[in-house]
*Asks:* 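Before I ask anything, here is the structure I am working with.
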Amino acid sequence: MNKRVVVVGGGIAGLAAAHRLHTLRPDLDVVLLDQRDRPGGKLSTGELAGRPVERGAESFLVGGPSAAIELAREVGLGDAVVHPTGARAAVAINGVLQDLPTGTLMGIPLQGAEEAAATPILGTDRDVSVGELIRPRRGDEVVDHFVEPLLGGVYAGRADRLSVRMALPALAKAAEHHTTLSAALAEATASSAGREPGAPIFGAIDGGMSRFVDAITATLPDVRTNTTVRELEQHNGGWRLTTGPTRDPRTLDADAVILAVPAAPAARLLQRAIDLEYASIALVALVLPSTKLPDLSGFLVPATEGLTIKAVTFFDRKWAHLRRPDTTILRASIGRHGDEEQLQRTDEELKDRVRTEVARLIGVDALPEELAFGVYRWGGALPQYAPGHQARIRALRESLQDTAPIAVAGAAYDGVGIPACITSGRTAAAAVLARLGE
Ligand SMILES: Cc1cc2nc3c(=O)[nH]c(=O)nc-3n(C[C@H](O)[C@H](O)[C@H](O)COP(=O)(O)OP(=O)(O)OC[C@H]3O[C@@H](n4cnc5c(N)ncnc54)[C@H](O)[C@@H]3O)c2cc1C
């Protein structure tokens, strides 16, 4: 009988893991399970007033070799990868939109007045928050106005709580052997210096993220949705998974398992503590009749502005393939880690807030009446990697070496972005194949 590998969780990490397993070893019985009625996890394209709208992730990093582009090509979507128009992004400071500074790393100016320290600014075994590394060397304003809003766009997190090793890995690595932040920044940005000027940094899929999910899913031999894995136990040198309702449990045996689910279900299934908090967010999309919007891809709103919205994207300014003559779409994001009470509001209240705050910031009395709106709530959406995250995950993975073959993958462990999740899934696939002695 062929060996069976079960991938639990059909988000992009689980999809990438299953795709890699099936591609490398078509003889294996690869089964992907997801509790929802469709795979994709945080990748999900909906529709509003006949227009596609991303309910979750919108784009992926493509600077340098990109796991997302590779995977898109592997599933026949190489030609569907599109790039932003190059419209600028702004940041709201004291109620006024201004250009985001260029020539920075995540909003950190590459040069600054600072004295060289006696030793490298980050010990090899140390991890600190982004704020702890940057505030003393570039000042609070840089962190509050630029670094935190940019990080917030990715993590909905706070600069003073996020691990610099997770959020800015190239900078953290460079900081291990430089005594000034400027020298570390120079090294961290050098790898992108050879890139062609104007080369795109982001990509998306024409047709939406669900098209990406569907294309990956179509390559897989056995995908079972509406299947929640409730228990996992070692059995005959492999694993026994229990699924289905408590009164009518089903079991599925596997020689190896890849767990590609968020930290809470992973901890429950593994019966191990995984110390990781998540931020919840909501996205509010408005379809408006064609109206004059600023010529920006969008703008960020620092927490210091005291508003509900955290960021706004003008979809058809940012993406040429989304432009339509009669309508325009904007999408606002709400919710920061540790300050999620805004999310208690009703959909209608959130929509009204977005309308009022966006109108005020772009300098109009009111936005035109929307043709449709959607509120997409993501509870426990974005992992908040506290300093020391990598060491904790290393320890977790080491503790799983003594069990039957298993690997963990996804945003809970290796980074929040789509390419990082794809790489995490592929690495997990390679790890279980190695443990199966293949
Ligand atoms: C609103 C939003 C916008 C984002 N925007 C971007 C962006 O533009 N670019 C970017 O790169 N990243 C973005 N991200 C981050 C990125 O989308 C996620 O980090 C990534 O998709 C997570 O993938 P994953 O496979 O690790 O987990 P998930 O997508 O969370 O998938 C986990 C899957 O496991 C399933 N599951 C959970 N428990 C069980 C169980 N017990 N049994 C069976 N199945 C189970 C779930 O149903 C889910 O499908 C965004 C995230 C959010 C929430």
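Residue numbers run from 1 in the order of the sequence given. Not measured: the values here are computed from a predicted model. As the structure lists them, so they are numbered: ligands from 1, and atoms in each ligand from 1. Hydrogens, waters and symmetry mates play no part in the numbers below; they use all other heavy atoms, side chains included.
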*Asks:* State if T227 counts as touching ligand 1 under the rule of any non-hydrogen atom under 4.0 Å.
*Replies:* yes
*Asks:* Which ligand 1 atoms does L283 reach within 4.0 Å, using its non-hydrogen atoms?
*Replies:* 1 (C)
*Asks:* Of the backbone atoms (N, CA, C, O) and the side-chain heavy atoms from C-beta on, which set of S333 has a member under 4.0 Å from an atom of ligand 1: side chain, backbone, both, or neither?
*Replies:* neither
*Asks:* Would you mind telling me if ligand 1 is within reach of the side chain of L15, the backbone, both or neither, using heavy atoms under 4.0 Å?
*Replies:* neither
*Asks:* Taking only heavy atoms of I281 into account, list the atoms of ligand 1 that are under 4.0 Å away from them.
*Replies:* 1 (C)
*Asks:* So, is R331 polar-close to ligand 1, with some N/O to N/O distance under 3.5 Å?
*Replies:* no
*Asks:* Pairs of nitrogen or oxygen atoms closer than 3.5 Å, one from A13 and one from ligand 1: do any exist?
*Replies:* yes
*Asks:* Any nitrogen or oxygen of R55 lying under 3.5 Å from a nitrogen or oxygen in ligand 1? Just yes or no.
*Replies:* no
*Asks:* Does any N/O atom on P265 come nearer than 3.5 Å to any N/O atom on ligand 1?
*Replies:* no
*Asks:* So does R426 pair up with E70, basic N to acidic O under 4.0 Å?
*Replies:* yes
*Asks:* Using a strict 4.0 Å threshold on nitrogen-to-oxygen distance, state whether R331 and E54 make a salt bridge.
*Replies:* no
*Asks:* Which of the numbered atoms in ligand 1 are below 4.0 angstrom from a heavy atom of G41?
*Replies:* 29 (O), 31 (O), 48 (C), 49 (O)
*Asks:* Output yes when a protein non-hydrogen atom is found under 4.0 Å of atom 34 (O) of ligand 1, and no otherwise.
*Replies:* yes
*Asks:* I need the contact type for A57 against ligand 1. Using non-hydrogen atoms and a strict under-4.0 Å cut-off, is it side chain, backbone, both or neither?
*Replies:* both
*Asks:* Given salt bridge (Lys or Arg N to Asp or Glu O under 4.0 Å), test K351 with E370 step by step and report yes or no.
*Replies:* CA-CA 10 Å; K351 185 257 295 179; E370 71 275 354; 2.9 Å; yes
*Asks:* Does anything in residues 278-291 form a side-chain hydrogen bond (donor to acceptor under 3.5 Å, both in side chains)? List the pairs, not counting sequence neighbours.
*Replies:* none
*Asks:* Give a yes or no on whether a salt bridge exists between R25 and D27, defined as a side-chain N under 4.0 angstrom from a carboxylate O.
*Replies:* yes
*Asks:* Could you tell me, atom by atom, which parts of ligand 1 come under 4.0 Å of a heavy atom of A411?
*Replies:* 19 (O), 22 (C), 26 (O)
*Asks:* Pairs of nitrogen or oxygen atoms closer than 3.5 Å, one from I418 and one from ligand 1: do any exist?
*Replies:* yes
*Asks:* Could you say whether the N/O atoms of V416 and ligand 1 ever approach to under 3.5 Å?
*Replies:* yes
*Asks:* With rounding to the nearest 0.5 Å, note down the distance linking OG1 in T251 to CZ in R230.
*Replies:* 11.0 Å
*Asks:* Determine, considering heavy atoms only, which of I12, L382, V213 sits nearest to atom 51 (C) of ligand 1.
*Replies:* L382
*Asks:* For ligand 1, which is the ligand I care about here, please tell me if W378 has any N or O atom under 3.5 Å from one of the ligand's N or O atoms.
*Replies:* no
*Asks:* Given V8, D34, V7, I422, which one has a non-hydrogen atom that is nearest to atom 46 (C) of ligand 1?
*Replies:* D34
*Asks:* Which atoms of ligand 1 have any heavy atom of T228 under 4.0 Å away?
*Replies:* 41 (N), 42 (N)
*Asks:* Counting each atom of ligand 1 from 1 as listed, which ones have a heavy atom of G410 under 4.0 Å away?
*Replies:* 26 (O)
*Asks:* Between D206 and R211, is the closest basic N to carboxylate O distance under 4.0 Å?
*Replies:* no
*Asks:* Ligand 1 and V229, any nitrogen or oxygen pair closer than 3.5 angstrom?
*Replies:* yes
*Asks:* If the threshold is 4.0 Å, N to carboxylate O, is there a salt bridge linking D79 and R73?
*Replies:* no
*Asks:* Is the closest basic N to carboxylate O distance between K3 and D255 below 4.0 Å?
*Replies:* no
*Asks:* Any idea how Y385 and Y155 line up, ring-wise: parallel (<30°), tilted (30 to 60°), or perpendicular (>60°)?
*Replies:* perpendicular
*Asks:* Check ligand 1 against C421 and write out every atom of the ligand that is under 4.0 Å from a heavy-atom position of the residue.
*Replies:* 20 (C), 22 (C), 23 (O), 26 (O)
*Asks:* Taking D222 first and then R224, would you say they form a salt bridge - that is, a charged N and a carboxylate O separated by under 4.0 Å?
*Replies:* yes
*Asks:* Please name the residue in the list I281, L283, L350, L307 that meets the side-chain contact (heavy atoms from CB on, under 4.5 Å) test with I334.
*Replies:* L350
*Asks:* Whether D414 and R397 form a salt bridge (side-chain N of Lys/Arg under 4.0 Å from carboxylate O of Asp/Glu) is what I want to check.
*Replies:* yes
*Asks:* Could you check which of R224, K42, Q35, E54 puts a non-hydrogen atom nearest to atom 28 (P) of ligand 1?
*Replies:* K42
*Asks:* With heavy atoms under 4.0 Å as the rule, classify the contact between L43 and ligand 1 as side chain, backbone, both or neither.
*Replies:* side chain
*Asks:* Could you list the atoms of ligand 1 found under 4.0 angstrom from a heavy atom of G11?
*Replies:* 25 (O), 29 (O), 31 (O), 33 (C), 49 (O)
*Asks:* Under a 4.0 Å N-O cut-off, is there an ion pair linking R126 with E132?
*Replies:* yes
*Asks:* What I want to find out is whether D316 reaches K318 closely enough, with some N-O distance under 4.0 Å, to be called a salt bridge.
*Replies:* no
